[in-house]
Amino acid sequence: MDVVNQLRRQFVDYYTSLHREGFVDDQFTQLQKLQDENSPDFVVEVASLFFEDCEKLINNMARALEQQQRVDFKQVDASVHQLKGSSSSIGAMRVKNVCIAFRSFCEAQNREGCLRCLQQVTHEYSLLKNKLQTLFRLEQQILAVGGSIPVVE
Amino acid sequence: MVTDKIEDMDIEVLSSMWPEDIEHEAGKQFNVEKPGGDQDTLEEVTIVEEPTIVDFKHLLELTNYSEKGSSQLAYLVKHWEFKQANAVRLLREELDNLSRQRQESELKKLEILEEHRFEEERYGEDKCPISILDEVYDIWQEVPQRKNDVVVPNKRVEIDAEYDTVRYWKQRVMHLEKLLEASIQREQLLKEKLQESIKNLERQSSPVEELSQILKRADNFLHFVLQNAPVVFGHQDKELRYRFIYNHFPSLQEEDILGKTDVEIFTGSGVKESQDFKKEVMEKGLPAKREITFETELFGSKTFLIYVEPVFSKAGETIGINYMGMDVTDQVRKREKMAKLREEIAVRKAKEKELNKTIHITEETMRAKQMLATMSHEIRSPLSRVVSMAEILATTKLDPEQRQLLDVMLSSGDLVLQLINDILDLSKVESGVMKLEATKFRPREVVKHVLQTAAASLQKILILEGHVADNVPIEVIGDVLRIRQILTNLISNAIKFTHEGKVGVKLYVVPEPPFAKEGSQHGSDGSTANQSTTNVAKEETCPSMSQTSSDQKGFHGKKQEDFCQNHSFSEPGTSVMNGTINGTKEQAELAETTVWICCDVYDTGIGIPENALPTRFKKYMQVSAEHARKYGGTGLGLAICKQLVELMGGRLTVSSRVHFGSTFTFILPYKFSLSCDHSDDPDDLSDMADHGATYDDATAGFFHFQPNTLGSLFSSNGSRRTQKLTPHDFGYANSHKLNWFSENFYSFPMNNGQTKEMDLVEDACSVAEAVEISSKPESSFRHSPDPDNVSAICRDKHHQNVANGQDKVSTTDVSSRSETSREVDAKMKLTEPQPSPKRQEKSDTGYQSKLNSNREVSSSISKPKILLVEVNKINVMVTKSMMKQLGHTIDVVNNGVEAVCAVHHHNYDLILMDVCMPVMDGLQATRLISSFEETGNWDAAAKAGMEQPLPSSDSFQPGCTLSTKRIPIIAMTAHALSQSADECFANGMDSFVSKPVTFQKLKECFEQYLP
């Protein structure tokens, strides 16, 4: 029981820190709430879908921005838009915020700015991935010892 | 040697005379061209000699007096004298020579006579120093240098005869005679030669001539150099009288100038100045330069650069001045122009700088505003989350104290949200981002809807009424969203400050107001007449409004009768056409024109003190701090209204009396076209198809609403319609009615699509009866067990009574109020300090939890079909999951085209539509779906380039293609700004949910749109 409580506390702490540091926002909490016995892996599923999507989009954007001349900003913008939508849906606040800046650079057709943002997005994405993976691991551990995932508000 | 001396002198004197730049022939001592050699160059140049006006006598004097002149002249004279002397000496030598020869010959003769001895004498060559000029000019070429050709026979006479004999003497005499003869001959020869020499000498040009030639050449040279130079030079004597002047462009005769002073010659500005300047130079004895502008009759305006130098006599006293002037008028003009240009440039630069500063400030301001807008935007999302959470909290079980706290929280949150929306709006208007859209709309509908919305959230016992004059066109073109915003703002404002009595809207056509100076008069006689009547109505605002309204009512009742004769469910289109054509016949001749519609929003509220009127439209201004405390609000609403009205080219004014009420009036120009009749408008058809109540919207002129009651919704247009309804119609209406009845009871304001249906039933009483009488199965399970609804209906009934002018409160009604209605009252008290329409709606959702439980049961019975159009997989997943939680399953498609296809194949109750999608965006898909709903065909979709979504008719689902109701389409957009919301509405969407989609948002949306 001690182990469970400890893990649970750890989970709560970690979860709150993610919130505090702005990695996730309330939307993520909403996702957590959507997870029930009918769809126990909902969040993980959504998150992995998100990461898959993310990687694809980042690759797309990187390819588009590789061009020295005639960068197809429209295409980049479309990708950023999609990424923004996904990240906002999943509650990945920091990724979303970078996307907002990214879009303004796209609008301004600023390749330098776009590349910078792409770097940031990649960075934020991998950070978030690590963090969420840790979180999910914690979840797994709690479940493994027979505990329930605490609901953090 | 003398030669050297002369050379020195030449250089000393002459070199200063000649400009340096013609000293190109280095080898020559003089740089004046040889007369013989290159004279052609000078000959080619015609030298006008007239300009030189010389007083020779004085020049002579001058040269005598002035040092420079005299030294020059002295040299010339000396030179001449020297040459003269030389010539004389040569002649003398020659003469000497001759005479000596003569003497010799005589001597010889004597010698012969005496000793026969002659002595030969040679004259040493005394070559005189010849001026270099001689060499150069070859003046003396022909002068014989020496007389060497004189042959003096030196032979001894040889006599053969013996000495001292007769023969000897004879021989000797003969010999001597011969010698004498020869001598005489020689003398003759010499004489001839002398003669010749003299002649030669005479032939030679005289030195004076030579000198004058030199002078002439110098003169020519000067002319050559100066002939086109814009210079004047001259000499003036001690009294400044001209003694010599050279002027290339003479405008005066010699006699007009010489001997006169400047002052005597010219008149005009500058003359005196130059005179004074010359005097000054003379006094100081130092040369000076000055620029003087003359303004004389002779030359006009000319500027001269004048150089004046004093001339001294040999004794050192000043005897006059040399004066040299150059016309620099053009240069001066250019210079002045340059100066002026430079000045202008400087001024421009200063201005530019100033402008830049202003621009900078403006930019800063704009940036600050932009930042405010961005900030507001950024604040809005978390805040709305806070509010949403609070709302969720409100749905949970709370004790009264907690609920009270929560209500305060909610109302405050809403206030802040409102404030932020206002700021966003305002900054949008101010930064010029606000775009106006021109859409066709019906002013009557707008007034009605706004009043309905206000009525639905009304928390006071107030009467809301709307009057629309007959001459207001049925359809006008304008930015309906903004107009609605203005109207809503003004009405909610009026409601806020009115505690009893009424709030009303009056719409009437006015002639073109003076502030729009475009001359053309649209207002017909009819409209002005109408204006006067409405003015009358306006004056008797509060106490006798009931009378006017009843008048209106009567009028409309009559009108309604006409319409009702046409009214038949099966032929809606024709009836509308008839109705509109009849109603607007007198205006039909105007094709498309501008109409000025005046809108009064009047209330019987606290009024505005006169001193506060001017600041009413200022930002963040409220009448007083006390008012601000008491009534809350941001003070932005009216500022926004004013800005919007002005943006649309209108005027917003206010008149008010403290304690009697205020009237806000805005006049706006609208375009309206009567030529396009309503059968063109697909809206009509769809409306007709829906419920056949278009008349009301199109032509009804009077709306009347009671506070916070269901009945208020039905009270428009009098009570005659119901009686005219056929049983069939009634049944139709009723069943519809009951469908939305429970749903919309509390969440009415957003429900545009369905409000139209309400018009079917004008009288709350009749509805109540209908509920009682026709307890249809579908309605019974919702309403029968629910005492709230029944009581509400009762209450409606009661208020309807009030509205009908019976003005009495039946005690039975009061007693029959249920708990809920009491709770309403309690709530009203609670929220009164911050009455906002939105708030009411929200707090109403509080009750809805009770109803929700009912509905959830019902939804399990008939599951609504929902379509999600979304491209983003994650969004799909999240939304789907949320839907699941809400108990809905959904169909998902990925773009607009697929959505259109899906709508084609299935019958949906609700569509959630992403706006930004590839292939076809949500807006277009919505338009296509709407077009299908209106026309019943997919022509628009085909036109838009889509393949016919349905290949064959057998796949049609009977109820689907001819669906009689619109599918509510809810936009899902990431842009939270209201601009994009407007875009959604403009494209026919019913509502919008901002992304990310949350549980709460979806829930609210379903509550509103799902039956």
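Just so it is clear: chains get the letters A, B, ... in the order the sequence lines come, proteins before strands, and each one is counted from 1. Fair warning: this is a prediction, and the values are worked out from it, not measured in the lab.
Put simply, the side chain of B:D990 gets close to the backbone of B:I969: a donor and an acceptor are under 3.5 Å apart. Proximity of a side-chain donor or acceptor of A:E21 to a complementary backbone N or O of A:F23 within less than 3.5 Å is not detected. Side chain of A:D41 to main chain of A:V44: no donor-acceptor pair is present (N/O by atom type, distance under 3.5 Å, no hydrogens or angles). A distance-only check finds no donor-acceptor pair linking the side chain of A:D26 to the backbone of A:T29 [under 3.5 Å].
If you measure heavy-atom distances from A:Q27 to chain B, the contacts under 4.5 Å come from the side chain alone. Residue contact with chain B, scored on non-hydrogen atoms closer than 4.5 Å, involves the side chain of A:L31 exclusively. Of the atoms belonging to A:E52, not a single heavy atom falls under 4.5 Å from chain B.
Of the listed residues (A:I100, A:I90, A:D53), the one with the most heavy-atom contacts under 4.5 Å to chain B is A:D53. The most heavy-atom pairs under 4.5 Å with chain A, out of B:E870, B:M877, B:M882, come from B:M877.
Side chain to side chain, B:T926 and B:N987 fail the donor-acceptor criterion of an N or O pair below 3.5 Å.
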